[in-house]
Amino acid sequence: MDALTDSTIDQPVGDLIAAALADLGVTHAFGVISIHNMPVLDAIARQGRIRFTPARGEAGAMNMADAHARVTRSLGVCITSTGTAAGNAAGAQVEALTAGSPVLHITSQIDRPFMDRDRAAIHDVPRQPDMLRAISKAVFRAWEPWNAVEALSAAAQAALSAPQGPVSLELPIDVQRLKAPPRRARIAPQAVVPDPAALDELAARIAAARRPMLWLGGGARGAAAAAAALVERGIGAVTSTNGRAVVAEGHAWSLGAFNMTPAAQRIYDAADLMLVVGSRLRGNETRNNAMRLPRLVQADAEPSQAGRNYPVELFVAGDARLVLEGLLARLPGALGTDRAFLDSIGAARVEGEAALRRMLGPYAPVAEAIGARVHRGALPWVRDVTISNSTFGNRFVRLAAPHLGVHALGGGIGQGIAMGIGAGLAGLGKAVTLVGDGAAQLSLGELATAVESRAETVFVLMNDRGYGVIRNIQDAQYGGRQHYASILTPDFALVCRAVGLAHARVDRAEAFAAALDAALAAPGPAMIEVDMTAIGPFAESFAGPPAGAAGSVR
Ligand SMILES: Cc1ncc(C[n+]2csc(CCOP(=O)(O)OP(=O)(O)O)c2C)c(N)n1
């Protein structure tokens, strides 16, 4: 029996936490080392059961843990220090909160006698718990060495229970050093079980519809098999960006994520019922909720989301998979739905794809080259907020499965490089990571992390020398006054050279596919820089979604 499994020998809490994480199935963690987390990180290194990737900043570490969680469908772990370090992770954690990503943020606290007392101890910061509460689904603190593993288990369980989300755990530094008896971490993530009577009513409404549709959001990512089976019975489908590929994106009865096109509006006008599953009906996918949708019924694991953005005729609280399986059990094998309506849905998607291809102009070969390889290879497709994502990345490049799509739901730029690293360390093949030159500048330091960790990721850098979408908005809405958008652009070849990252520049769209194939074939990370100033503009410029009531221009 080794010391860790011998319950008679007390162990430092740092060792217990490292072992408990591994017992919970955690294989990767991301973070930045500091005196306030060294007992845990030292134990992780000594035990050798978890691969820890040192990021260059806590924001990057959080984005890496978030992307890793999304693509592996398991707990992501980010380890930071107290105070500013935890604060550095906050922006990225807001993204994990927006996306409902199960990330465990293990941060620290100063010694307990000084904690929460504003005594100006080193690394104490005001209101850290308040900050963590604002950016977390839940916050836990290990008050004593003997309950640290329980606190960790409770935090992990909360992150993984529906509706999933990031959870923070404070481990005061004195607690990390103290010893306690070993104990095994155990969790049982909770499901939200739908009420059978509510499912009966929902099934009756769907059975009575002639032209029903499913709107599948990120909450339905774990319900792909049930969703696909329902569609086969005669229900049309459309997804949000976060629910992409819950139903195969090329299915003849699916709009894919072409959810806001004129053709999509015609479909919604023809439909007589739409079941919204695990979706926020986000503003940038519904024209700030001004888009006309059919009569709605809704299922969600989070009851507070009931009818939040559109009135719904029936709400069922429940996990997407349980709701859809409940419907499968209640509905006949073939619904008597309008076949011509179903076929018109796929046709509307094809129309949307063709219109988008025309809008891309010279970039169509780039989008097509990425699309073929990402879909065929079932590769993770990671995207920063950049024009190329708003146009082709978010819908045209097809995903092979829902968990393979990673993008910033909150619309925050600069998270793509780190997300590409997290996804590239998931063992799912090479992640293809789309970034803009402006956004990339927030996390150039993480390129060193990519090289050092040998992350399997290809960064496709769309370089238009500045904030392209901001310039387009300034042209469209601010009389062409281009303030603060033409920022200095570094020489990315030199930046890559400085950290030893393979780099190739493409100045003709036709040369892109070969460059991508070469980067995919070589081990480790690489960057392909697409020189948009050489290739020229898109056929149609993209100036963000319409500035509506919420001003959601991004
Ligand atoms: C964190 C954050 N800060 C600012 C913005 C506003 N913003 C949206 S897009 C953009 C420019 C992105 O530039 P780039 O990465 O070069 O992509 P491009 O627009 O040129 O395609 C900015 C500053 C934002 N969305 N998120």
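Read the numbers this way: they start at 1 and go in the same order the structure lists the ligands and their atoms.
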Exercise. So, do Val495 and Leu444 sit near enough that their side-chain heavy atoms are less than 4.5 Å apart?
Worked result: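 In short, these two side chains touch, coming nearer than 4.5 Å.
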Mind checking whether [X] has an N or O less than 3.5 Å away from an N or O of ligand 1?
X: Tyr467; result: no
X: Ala440; result: no
X: Ile470; result: no
X: Ser388; result: no
X: Gly466; result: yes

Problem set entry | For Thr386, atoms of ligand 1 separated by under 4.0 Å from a heavy atom |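 What qualifies from ligand 1 is 17 (O), 18 (P), 21 (O).
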Counting heavy atoms only, which of [options] is nearest [atom]?
atom: atom 25 (N) of ligand 1; options: Gly416, Gly411, Gly412, Ala439; answer: Gly411
atom: atom 16 (O) of ligand 1; options: Gly410, Gly414, Gly468, Gly438; answer: Gly438
atom: atom 5 (C) of ligand 1; options: Val469, Ile413, Val435; answer: Ile413

For this session: For this output row, return yes or no: ring centroids of Tyr363 and Phe538 closer than 6.0 angstrom.
Result: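 Between Tyr363 and Phe538, the centre distance is under 6.0 Å.
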For this session: Establish, yes or no, whether a centroid distance under 6.0 Å links the rings of Phe30 and His68.
Result: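 Yes: the rings meet the under 6.0 Å criterion.
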For this session: Output all residues satisfying side chain to side chain donor-acceptor pair (under 3.5 Å) with Thr241, sequence neighbours left out; order by chain, then residue number.
Result: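 By the side chain to side chain donor-acceptor pair (under 3.5 Å) rule, Thr241 matches Glu285.
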Exercise. Which word best sums up how the rings of His123 and His36 line up, parallel for under 30°, tilted for 30 to 60°, or perpendicular for over 60°?
Worked result: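 If you compare the ring of His123 with that of His36, the planes turn out perpendicular.
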For this session: Determine, stepwise, if the pair Gln128 / Thr82 fulfils side chain to side chain donor-acceptor pair (under 3.5 Å).
Result: CA-CA 8 Å; Gln128 175 170 305; Thr82 179; 3.1 Å; yes
Exercise. Who pairs with Phe459 by ring pair (Phe, Tyr, Trp, His ring centres under 6.0 Å), at least two apart in sequence or on another chain?
Worked result: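 Phe459: no ring pair (Phe, Tyr, Trp, His ring centres under 6.0 Å) contacts found.
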